[in-house]
Novice: 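Before anything else, here's the structure in question.
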Amino acid sequence: QVQLVESGGGLVQAGGSLRLSCAASGRIFSISAMGWYRQAPGKQRDLVATITNGDNTNYAESVKGRFTISRDNAKNTVYLQMNSLKPEDTAVYYCNTVGLTVVRGTYGATTAKFDSWGPGTQVTVSS
């Protein structure tokens, strides 16, 4: 019911920059938090950064000072500006969004929690 579409991944040299975008669409009543996670080959999926609807942010220690997360509430979109990229940043980056969606209840429309993931976008940083 809530779909996420990521864009902005690609190949970049070490020290370069990329900007990821993730747009949420569907039967969205409200969004409480949006975030980015990443998964390198053979490793678990780890948090990169999150942002709440109150603009509180949280970053992984490895990206602090280099990555910046932001959101456009009117567009239900979250961004990840990645600067000073390193080869160890190479991974598939996934967008995650949590909030409330509109569903059909017994007595009419109501809301239910959702926790959606995007399909992922590849980021490759060459040395």
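Keep in mind it's a predicted model, so treat the numbers as computed, not measured.
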Novice: Within this structure, what is the CG-CE distance for the pair Leu80 and Met34, rounded to the nearest 0.5 Å?
Specialist: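 The CE atom of Met34 is 12.0 Å from CG of Leu80, to the nearest 0.5 Å.
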Novice: Applying side chain to side chain donor-acceptor pair (under 3.5 Å), name anything that partners Lys64, two or more places apart in sequence or on another chain.
Specialist: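 Side chain to side chain donor-acceptor pair (under 3.5 Å) check on Lys64 returns Glu61.
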Novice: Atom CD1 in Ile31, atom OG1 in Thr101: separation rounded to 0.5 Å?
Specialist: 10.0 Å
Novice: Just wondering, do Thr97 and Val78 contact through their side chains at under 4.5 Å, heavy atoms?
Specialist: no
Novice: Going only through I, L, V, M, F, W and Y residues with side-chain contacts under 4.5 Å, is there a path from Tyr37 to Leu4?
Specialist: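 Shared cluster, no.
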Novice: Give the ring-plane orientation class for Trp117 versus Tyr94, where under 30° counts as parallel, over 60° as perpendicular and anything between as tilted.
Specialist: perpendicular
Novice: Which pairs of donor and acceptor atoms, one on a side chain in residues 42-49, lie under 3.5 Å apart (sequence neighbours left out)?
Specialist:
{"unit_1": "Gln44", "atom_1": "NE2", "unit_2": "Asp46", "atom_2": "OD1", "d": "3.0"}

Novice: With the 4.5 Å side-chain cut-off for hydrophobic clustering, are Leu85 and Tyr59 part of the same group?
Specialist: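 Hydrophobic grouping puts Leu85 with Tyr59.
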Novice: Judged by atom type as modelled, is there a donor-acceptor pair below 3.5 Å linking the side chain of Thr68 to the main-chain atoms of Gln81?
Specialist: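 Checking the backbone N and O of Gln81 against the side chain of Thr68, no donor-acceptor pair under 3.5 Å is found.
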Novice: Under 3.5 Å, side-chain donor or acceptor atoms of residues 6-21 against the rest of the protein: list the pairs with distances, not counting sequence neighbours.
Specialist:
{"unit_1": "Glu6", "atom_1": "OE1", "unit_2": "Gly120", "atom_2": "N", "d": "2.5"}
{"unit_1": "Glu6", "atom_1": "OE2", "unit_2": "Cys95", "atom_2": "N", "d": "2.7"}
{"unit_1": "Glu6", "atom_1": "OE2", "unit_2": "Gly120", "atom_2": "N", "d": "3.4"}
{"unit_1": "Ser17", "atom_1": "OG", "unit_2": "Asn83", "atom_2": "OD1", "d": "2.9"}

Novice: Do Leu100 and Val102 sit in one hydrophobic cluster, given that two such residues count as connected whenever their side-chain heavy atoms are within less than 4.5 Å of each other, even indirectly?
Specialist: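 Hydrophobic grouping puts Leu100 with Val102.
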Novice: Under a 4.5 Å cut-off applied to non-hydrogen side-chain atoms, are Glu88 and Val125 in contact?
Specialist: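 Side-chain contact under 4.5 Å: no.
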Novice: Would you name the heavy atoms of Ile51 and Arg71 that are closest together and state the gap between them?
Specialist: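 Ile51 and Arg71 have their closest heavy atoms at O-NH1, 3.5 Å.
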Novice: For residues Ala91 and Arg38, report the shortest heavy-atom separation together with the two atoms involved.
Specialist: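 Scanning both residues completely, I find the closest heavy atoms to be CB-CB, 3.8 Å.
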Novice: Quick one: closest heavy-atom pair of Phe114 and Ser30, and the distance?
Specialist: CE2-O, 3.8 Å
Novice: With side chains defined as the heavy atoms from C-beta onward, is the minimum distance between Tyr79 and Asp72 less than 4.5 Å?
Specialist: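 They are in contact (side-chain heavy atoms under 4.5 Å apart), so the answer is yes.
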Novice: Distance check, rounded to the nearest 0.5 Å: Ile69 atom CD1 versus Thr50 atom OG1?
Specialist: 6.0 Å
Novice: If you draw a 6.0 Å radius around CZ in Phe29, do more than 12 non-hydrogen atoms from other residues or ligands fall strictly inside?
Specialist: no
Novice: Which distance, rounded to the nearest 0.5 Å, do you find between the CZ of Arg27 and the CD of Gln3?
Specialist: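 Taking CZ in Arg27 and CD in Gln3, the distance rounds to 11.0 Å.
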Novice: On a heavy-atom basis, which atom in Ser84 and which in Asp89 lie closest, and how many Å separate them?
Specialist: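 Where Ser84 meets Asp89 most closely, the heavy atoms are O-OD2, 4.5 Å.
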